Amino acid sequence: MRRRFVAGNWKMHGSLASNQRLLKDVAVGAAKVSGVDMAVFVPFPYLSQAQTLLAGSSVSLGAQNVCEFHQGAYTGEVSAQMLQDFACHYVLVGHSERRAFFGESDAQIAGKFCVAVSCGLQPIICVGETLAQRESGQTESIVSAQLDAIIQRAGIAAFESATIAYEPVWAIGTGKTASPAQAQRVHEAIRAQLASFDSDLSERVKILYGGSVKPENSAELFSMPDIDGGLIGGASLVADDFLAICLEASR
Ligand code: PEP
């Protein structure tokens, strides 16, 4: 039985003042949620604040990106070891906004995944198709190729300490959600892909759904057999909404 996982991706939102309230509310509310792993992925400058305000709570901390190199002359980058200084447990890798707006390639994303795993950070590798790709019937081949780039570079065993997030690009921040059946089909295909390498491991890997998850649609999505929780963007900026989604995951 896989334990559910709900992760909040704050994206480039927040301020010291607004985070103070949000982090406190999430930390306090998390005490009422049992049996679910919870994490928030805050912008780099707020890692220290989040580390302090989440200390002693059941909410883990994650970063939204990591450099594919360990250290050196890489101006503007942040290494996996630096993230560990702030007690980061997780890191997002290959979010579609990084792929689309910052040109991250499958190879670069695989490098980030490997660095994270080698430093003891758990990557959440994001995969998903655009609307055009879905409409031309390429959903499964696109998702499979994105995942394969990681498996070929990191090896299947690396997924023992990784999570996968299926995030259809057309559903992120748009208010459009994949139907539970649409999402389940892709999650099932992802698990089958993992199983073709290692069937026991495929049953242990968590596959989250992301794309306009809200309190109102989370129960139905989480009822699908291969959906193990959610990667939540917009709704994670409102403590009550994020906590309501976490509570749905606990049922
Ligand atoms: C995301 O940023 O990963 C995401 C799923 O965003 P939203 O929930 O706002 O669609």
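Any value given below was found using the heavy atoms of this structure, including those in side chains, with hydrogens, waters and symmetry copies removed. As the structure is a computational prediction, the values presented were derived from the model and not from experiment. Note that ligands are numbered from 1 as they come in the structure, with each ligand's atoms numbered from 1 the same way.
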Anything under 3.5 Å between an N or O on ligand 1 and a protein N or O? List each pair with its distance, or write none.
{"from": "ligand 1", "atom 1": "2 (O)", "to": "Asn9", "atom 2": "ND2", "distance (Å)": "3.1"}
{"from": "ligand 1", "atom 1": "2 (O)", "to": "Lys11", "atom 2": "NZ", "distance (Å)": "2.8"}
{"from": "ligand 1", "atom 1": "2 (O)", "to": "His95", "atom 2": "NE2", "distance (Å)": "3.2"}
{"from": "ligand 1", "atom 1": "3 (O)", "to": "His95", "atom 2": "NE2", "distance (Å)": "2.9"}
{"from": "ligand 1", "atom 1": "3 (O)", "to": "Glu167", "atom 2": "OE1", "distance (Å)": "3.1"}
{"from": "ligand 1", "atom 1": "3 (O)", "to": "Glu167", "atom 2": "OE2", "distance (Å)": "2.7"}
{"from": "ligand 1", "atom 1": "6 (O)", "to": "Lys11", "atom 2": "NZ", "distance (Å)": "3.4"}
{"from": "ligand 1", "atom 1": "8 (O)", "to": "Ser212", "atom 2": "N", "distance (Å)": "3.4"}
{"from": "ligand 1", "atom 1": "8 (O)", "to": "Gly233", "atom 2": "N", "distance (Å)": "2.9"}
{"from": "ligand 1", "atom 1": "9 (O)", "to": "Gly234", "atom 2": "N", "distance (Å)": "2.8"}
{"from": "ligand 1", "atom 1": "10 (O)", "to": "Gly173", "atom 2": "N", "distance (Å)": "2.6"}
{"from": "ligand 1", "atom 1": "10 (O)", "to": "Ser212", "atom 2": "N", "distance (Å)": "2.7"}

Does Asp198 form a salt bridge (Lys or Arg N to Asp or Glu O under 4.0 Å) with Arg204? I'd like the steps, not just the answer. CA-CA 10 Å; Asp198 184 332; Arg204 292 192 292 273; 5.3 Å; no

With Asp226 as reference, evaluate Arg191, Lys206, His187 under the side chain to side chain donor-acceptor pair (under 3.5 Å) test and give the passing residue. Arg191

Sub-3.5 Å donor-acceptor pair from the side chain of [X] to the main-chain atoms of [Y], do we have one?
X	Y	value
Gln133	Thr130	yes
Glu129	Val143	no
Arg2	Glu203	yes

When you compare the side chains of Ser18 and Ser15, does any donor N or O come within less than 3.5 Å of an acceptor on the partner? yes

